[in-house]
Structures are given as structure tokens and as C-alpha cells.
Number of protein chains: 2
Amino acid sequence: MRPKSIEKEQAIRTIALKIIHEEGLENLSMQKLAKAANISPRTIYIKYADKEDLLIKLFIDEVLGEYERAVLENFDEKMDFAEGIRRVWLNTFRYFKNNRHAFALMQYGNSSPLLNKAFKERNIQEGQFFAPIHKFYKTNISKKIIKNFPVEVCRALLMSPIFNLMNEYFEHLDRPKQIITEKVILESCDVVIKGMTI
Amino acid sequence: MRPKSIEKEQAIRTIALKIIHEEGLENLSMQKLAKAANISPRTIYIKYADKEDLLIKLFIDEVLGEYERAVLENFDEKMDFAEGIRRVWLNTFRYFKNNRHAFALMQYGNSSPLLNKAFKERNIQEGQFFAPIHKFYKTNISKKIIKNFPVEVCRALLMSPIFNLMNEYFEHLDRPKQIITEKVILESCDVVIKGMTI
DNA sequence: CATAAGTAAATAAACGTTTACTTATATTTG
DNA sequence: CAAATATAAGTAAACGTTTATTTACTTATG
């Protein structure tokens, strides 16, 4: 029996993310992807049931999964609150800086109904993505270190600015001077920490 | 000469936003739109040069423009900082609460390269959208009321959480109990204000 | 050599857009 | 002031292309 080619599988994923980043999700087609990856369209269908299946797996495994891995590196729920949030912010910044294509699809998670639905279902089925961070919020709420909000609100207050700054970082790549440096990220992080702590 | 039908033009825009919200930008087609609006595909091309033109005008005029109008209601650059930010947050929350379709396309502004490009060009060409708010940031920086960051960073720190909370608001519509109330919005707003002020 | 991985080419359906024609109305004319 | 006219708005149907997916066949390897 002929074995599956891992390189072809990886090429599909990498090039799909590249096309999504450069041309948008709405301009990714199976035939365009096959041509760019130098394979037959049929080969994609050996690895994925259909286009939806490909997009959902790309989003869940390649983007959310990899980001979760990166964001939790050297993170520990028992960390001091400020230290923990700074760790998570730096991990986010450094990871996406080197994975711009993944960041592009990540952003579609807030817009595309398909990805939104996939994320919600996966969250319910397999327990929460980012569960350690949610637990971290809850611990610090009960220790009365941070204000008492539902986790969804904690996430909005503590995490949404870093994603917005990430966006700014990439837009400044095309402008003469980068204003989003690691220093600015850490100063911004301290702003959200200050706001949240009691 | 037969006059243009304003109702048809408005139907195109309203129904386009509806389809984008319900099925995603990637599933909006000119023929689907025409059928849903009960008009001929040709009629869309009388009002818009092509699909790109339609999407860009939808985004700039119907979404960004209308939001800008709503967000600045009863806002004055000379307001006290906390008062001004609270005004802007409440305006945002109340506007999108009643314009969910517009919010859906707004979110695509962070993902779709087409809309991203359109926004940047429009910002350069016609002066800044949200210029009064940017001026408000700068004034409060020079008055040493808030920390000194570039406007892009101010926007990320002060505005991105309300958009994230807006997203949560809509997701909770499908769940048994709404956790994103106006009270929670105002408490969250106070968190970002506290973080930002010196 | 059995078998799943892979290909090239084809399928029907849907796509954005256009063609050829009809309709409604502001203006001109009688 | 009403009928005629000019003209852009509108329609139904079609255009060629691209879409997602499949068929019929070839290839590589346990």
C-alpha cells in the first residue's frame, strides 16, 4: 500500500493559509490551492472530506491549536497575575510575528460564520481551548486580585488589545517605521493589568 | 427619464448585509443577492460598477460611515476623559445592538484584504474616520490625563474590548442568559479608563 | 501483487457580468 | 394641458469562466 505523503499534506495547509492571508478566505478555491501546491485537486479530497472540512481543520488544528500551544509556553496558572498576563501577551506577540498567515485566518474566526460555528462546537465538545488561562482568571478573581467579571469579559478586557496591536504591527510593516515594538506591547500590557487589578 | 428607485438601492444594501451576516462574505453572490432582493442582477450593476465596488461602498458608507455617525452622537472633544470614553462605549454598544448585520461586515474589516485596503485608502484620501476621537486622545495625552501612546495604541487599548464584548453580546443571544448588559459594559469601560489614566 | 495514494480530465452547478429588450417617467411638443 | 418622445432604469435570459467535486485511470510501496 502506498503511504500518504506528509509533505503534500503540509503543503496543502501551508499554502492554503498563504492564499487566505494574501487574497482572503473568499478567494481560496480548491483548484487554485491544488495548482499552487503542485498537486491534483483530488489529492486534497483524500485528506479532507470537502472544503468546509479543510477550512475547519486548518482553523482548529493549524491556527487555534498551534496558538494555544505557543501562548501557554512557560505559563503557569500559579504565576503572579501580572507576570502571567505579561507571559501570555509576549507569547502571543512573538508567535504571531512569526506566523502572519495563521494570524490572518485567526482574524476570520471573528467574522466567518463557518469558523465561528466550528470554534463553538469544538469548545463544547473537547473542553475549553485556553482552559488554563480561564482557570487563571478565576483563581485571581477568588483571590480578590482582579475584579469579578465572567471569563468572557475577562478575556475581552485582558486579551483583545493584544490582537488589535498585532494587527497594527503587521500594518506598520508596510509603513516606514514600526511603532509596535516589544516595549510598547509590554507597556500596553501593564495598562490592561492596572485596569483589571483591584 | 425613468428615475432610480431608492427602495431598490436600499434593498440591495440591506439584503447584502443580511446575507453577509447569515452566510458569510464568502457566500454572497450577485445572483443570490439579486434573487433575495427580487430584482434582476443587471440592476445591481446600474448602481455599482462590480462586486468589489458594491462591497467597498457597503463597508465604507453603510457600515463605517453609519457607525461613525452613531459613535459621535453627544460626544464632544472637550468632554472629561472618562465621560467621553463612556459616551463612545455606550454609543457603540447601543448602535450595534440594533444593527447586527452592520456589525458582521465591520468584523470582516479586520480579515478581508479587500475591505482592509479600502479602509486604509479611504482614511488617507478623506482624512481620518473618527478624527474627533483621535484628537480627543491627543488632547488628553498633552493634558497628562492619560498615558502617552501613539493613537493606534490608544485605540487598541480603549476601543478593542468593546468590540469583543459586542461579539460576546451577540453570541449570548443564542444562549439562555445574557451576561453582557449595559451595566457590565459600563463596568468594563471603567476598567479600561482606570488602566489608561495616569 | 494488493491497495490506497495520487493524477489528468471531466462533470454539473454556480459564478460575475453582459446582451437584447421592455418599462416608467421628466421633459418637450402640439 | 395632454399626448409624444427621449432616455435611463429595469428585466429575463444568456455569456464564458470558475467553482466544488468526481470519474477513470496510473503509480508507488508494505
Side-chain angles (χ1 to χ4, degrees), chain A residues 1-62 105 108 112-115 117-118, chain B residues 1-62 105 108 112-115 117-118:
Chain A
M1 185 183 95
R2 186 176 175 176
K4 278 196 192 186
S5 159
I6 307 162
E7 309 93 62
K8 275 173 189 165
E9 166 105 51
Q10 205 33 254
I12 291 170
R13 296 189 172 220
T14 307
I15 292 170
L17 286 179
K18 184 168 182 277
I19 293 174
I20 290 167
H21 169 223
E22 287 168 358
E23 306 178 43
L25 188 56
E26 56 275 30
N27 290 308
L28 174 75
S29 84
M30 298 301 257
Q31 294 181 124
K32 190 189 275 185
L33 173 55
K35 187 168 269 182
N38 250 302
I39 52 167
S40 158
R42 183 71 178 81
T43 304
I44 305 174
Y45 287 89
I46 290 167
K47 292 154 203 299
Y48 304 95
D50 50 30
K51 196 184 177 185
E52 272 202 24
D53 185 45
L54 166 64
L55 288 176
I56 288 169
K57 283 183 177 151
L58 255 188
F59 180 62
I60 298 282
D61 303 339
E62 206 76 6
L105 184 54
Y108 273 104
S112 154
L114 172 68
L115 300 182
K117 192 173 146 256
Chain B
M1 185 182 95
R2 187 175 175 177
K4 278 194 192 186
S5 159
I6 307 163
E7 308 93 64
K8 274 172 191 168
E9 165 105 50
Q10 206 31 256
I12 291 171
R13 296 188 172 222
T14 306
I15 292 168
L17 285 179
K18 185 169 181 279
I19 294 174
I20 290 167
H21 169 223
E22 287 168 358
E23 305 179 43
L25 187 57
E26 57 275 30
N27 290 309
L28 174 75
S29 84
M30 298 301 258
Q31 293 181 121
K32 192 189 273 183
L33 172 56
K35 188 168 267 181
N38 250 302
I39 53 168
S40 158
R42 182 72 178 81
T43 304
I44 306 174
Y45 287 89
I46 291 167
K47 293 152 201 300
Y48 304 95
D50 50 29
K51 196 184 177 184
E52 271 202 25
D53 184 47
L54 165 65
L55 288 176
I56 287 169
K57 284 183 176 151
L58 255 187
F59 180 61
I60 298 281
D61 303 339
E62 206 77 5
L105 184 54
Y108 273 103
S112 154
L114 173 67
L115 300 182
K117 192 173 145 254

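Just the heavy atoms: all of them, side chains too, but no hydrogens, waters or symmetry mates, feed the values below. So that the names make sense, note that chain A is the first sequence line, chain B the second, and so on, each numbered from 1.
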Practice task
Check the distance between D:dT19's C1' and B:Lys51's NZ and give it to me in whole angstrom.
Solution key: 12 Å
Practice task
For B:Asp50 and C:dT17, give me the distance from atom CG to atom C1', rounded to whole Å.
Solution key: 9 Å
Practice task
State whether B:Ser29 places a side-chain N or O below 4.0 Å from either non-bridging phosphate oxygen (OP1 or OP2) of C:dC15.
Solution key: yes
Practice task
Quickly work out the B:Ile12 CD1 to D:dG10 C1' distance and round it to whole Å.
Solution key: 11 Å
Please enumerate all protein N or O atoms sitting under 3.5 Å from an N or O of nucleotides 7-9 of chain C, with distances to 0.1 Å.
| residue | atom | partner | partner atom | Å |
| --- | --- | --- | --- | --- |
| C:dT7 | OP2 | A:Ser40 | N | 3.1 |
| C:dT7 | OP2 | A:Thr43 | OG1 | 2.2 |
| C:dA8 | N7 | A:Ser40 | OG | 3.3 |

Exercise for the section: With heavy atoms under 4.0 Å as the rule, sort B:Ile44 into base, sugar-phosphate or nothing. Expected result: nothing
Fill in the blank from the handout: A:Ala37 and A:Ile15 have their tightest heavy-atom pair at CA-CD1, 3.5 Å
Practice task
Looking at every strand, decide which applies to A:Leu54 at a 4.0 Å heavy-atom threshold: base, sugar-phosphate, or nothing.
Solution key: nothing
Exercise for the section: Can you tell me the distance, in whole Å, between the CD atom of B:Glu9 and the C1' atom of D:dG10? Expected result: 14 Å
Completion exercise
In whole angstroms, the gap separating P of D:dT21 from CD of A:Glu52 amounts to 9 Å
Practice task
Write down the atom of B:Lys32, the atom of B:Asn27, and the distance for their closest heavy-atom approach.
Solution key: NZ-O, 2.9 Å
Handout entry: Distance, rounded to the nearest Å, where B:Leu33 contributes CG and C:dT17 contributes C1'
Key = 14 Å
Exercise for the section: Could you check if a side-chain atom of B:Asp61 sits within less than 4.5 angstrom of a side-chain atom of B:Arg13, using non-hydrogen atoms only? Expected result: yes
Problem - Exercise: identify the closest heavy-atom pair between A:Ser112 and B:Tyr108 - result: CA-OH, 3.3 Å
Completion exercise
The answer to which of A:Lys32 and A:Ala49 contacts DNA chain D further toward the 5' end, by nearest nucleotide, is A:Lys32
Exercise for the section: Report yes if some heavy atom in the side chain of B:Leu28 is under 4.5 Å from a heavy atom in the side chain of B:Glu23; otherwise report no. Expected result: no
Exercise for the section: Classify the nucleic acid contact of B:Lys47 as base, sugar-phosphate or nothing, counting any heavy atom under 4.0 Å across all strands shown. Expected result: sugar-phosphate
Practice task
Round to the nearest Å and state the distance from A:Gln31 atom CD to C:dA14 atom C1'.
Solution key: 13 Å
Exercise for the section: Can you tell me the distance, in whole Å, between the CE atom of A:Met30 and the C1' atom of C:dC15? Expected result: 17 Å
Handout entry: Contact summary for B:Ile12 and B:Leu33, nearest pair of heavy atoms
Key = O-CD1, 3.6 Å
Problem - Heavy-atom pair of closest approach, residues B:Leu54 and B:Met30 - result: CD2-SD, 4.1 Å
